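Small disclaimer: the values here were computed from a predicted structure and weren't measured. Note that these values count all heavy atoms, side chains included, but never hydrogens, waters or copies made by symmetry.
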Amino acid sequence: MHWLRRSLVSGRVSSGALLLHGRLAAFPFANGSGVFQVSVDVQDGVLDYMPGWPRIDQLAAHVDFVGQSMRIRARSANVLGTDLKDVQASVADLRQPRLHVSGQATGALSGMLDFLRASPLGQRYTGML
């Protein structure tokens, strides 16, 4: 929850749904004693997903939380002038977060290098970039 509060800078929810079934005292239902699902469509989102990394702007995505997992399917977004599309990001278990990301980036190579320079990788590999 701390990551979500810090990371979701702005945007608007165009639609959403919540399914909650079970005793609230047992939330988040890690042992299967209930159901927790949230689905939202986000428009014009700004995601500051990790300190030190360039944030994602103009995010248009569908976000699902099911139990202890999270899945984001972004139709489009932008990072430092580089357009992103068809991005899939998921965390199988938010208690032990391991982020998996795949997608497409289109734009000038210089914009993609700007992303690397602005990230923590830029400090380490400045000479190569």
Side-chain angles (χ1 to χ4, degrees):
M1 293 304 292
H2 171 72
W3 177 83
L4 282 175
R5 281 192 292 273
R6 191 199 60 72
S7 298
L8 298 174
V9 176
S10 65
R12 62 184 169 83
V13 173
S14 57
S15 66
L18 166 69
L19 174 60
L20 180 63
H21 179 71
R23 294 183 61 234
L24 290 180
F27 183 80
F29 312 123
N31 61 0
S33 62
V35 176
F36 173 72
Q37 295 178 356
V38 175
S39 294
V40 295
D41 287 307
V42 176
Q43 305 296 324
D44 302 317
V46 175
L47 184 64
D48 186 8
Y49 55 95
M50 181 66 85
W53 287 83
R55 69 186 197 175
I56 297 172
D57 296 305
Q58 302 170 15
L59 179 66
H62 181 81
V63 182
D64 288 309
F65 292 92
V66 178
Q68 297 289 326
S69 69
M70 176 188 75
R71 181 172 181 194
I72 300 171
R73 294 181 306 256
R75 295 177 296 286
S76 61
N78 188 282
V79 175
L80 296 177
T82 297
D83 291 324
L84 307 176
K85 68 177 189 174
D86 300 326
V87 176
Q88 305 278 325
S90 63
V91 176
D93 187 342
L94 292 167
R95 293 169 295 183
Q96 299 173 4
R98 174 175 264 167
L99 178 64
H100 296 271
V101 179
S102 65
Q104 298 177 27
T106 54
L109 178 59
S110 61
M112 294 177 201
L113 289 173
D114 288 343
F115 173 82
L116 290 173
R117 285 185 192 106
S119 77
L121 295 175
Q123 297 169 5
R124 186 172 189 176
Y125 298 107
T126 300
M128 295 173 62
L129 300 174

Practice problem: Following the transitive rule for hydrophobic clusters with a side-chain heavy-atom cut-off under 4.5 Å over Ile, Leu, Val, Met, Phe, Trp and Tyr, establish whether V35 and F65 coincide in one cluster. | Solution: no
Quiz item: Do L121 and R124 come within less than 4.5 Å of each other through their side chains, counting heavy atoms only?
Solution: no
Quiz item: S33: what forms a side-chain hydrogen bond (donor to acceptor under 3.5 Å, both in side chains) with it, not counting sequence neighbours?
Solution: N31
Quiz prompt | Hydrophobic cluster identity match, L19 and V66, side-chain contacts under 4.5 Å | solution = no
Quiz item: Looking only at atom types and distance, does a side-chain atom of Y49 sit under 3.5 Å from a main-chain N or O of L8, one as donor and one as acceptor?
Solution: no
Self-check item: Sequence neighbours excluded - side-chain hydrogen bond (donor to acceptor under 3.5 Å, both in side chains) pairs with any residue from residues 91-107
Solution: D93-R95
Exercise. Starting from the C-alpha separation in whole Å, work towards a yes-or-no answer on side-chain contact (heavy atoms from CB on, under 4.5 Å) for V87 and I72.
Key: CA-CA 8 Å; V87 176; I72 300 171; over 6 Å; no
Quiz prompt | Side chains of S39 and H62 in contact at under 4.5 Å (non-hydrogen atoms) | solution = yes
Quiz item: Which pairs count as side-chain hydrogen bond (donor to acceptor under 3.5 Å, both in side chains) when at least one residue sits in residues 78-87, sequence neighbours excluded?
Solution: N78-D83
Self-check item: Heavy-atom check, side chain of Q37 versus side chain of H21, under 4.5 Å
Solution: no
Quiz item: Mind checking what makes side-chain hydrogen bond (donor to acceptor under 3.5 Å, both in side chains) contact with Q88, not counting sequence neighbours?
Solution: R71
Quiz prompt | ring-ring contact (aromatic ring centres under 6.0 Å, His included) against F29, all qualifying residues, sequence neighbours excluded | solution = F27
Practice problem: Check side chain to side chain contact (heavy atoms under 4.5 Å, CB included) between D48 and all other residues, then give those that pass, not counting sequence neighbours. | Solution: R6, V9, R55
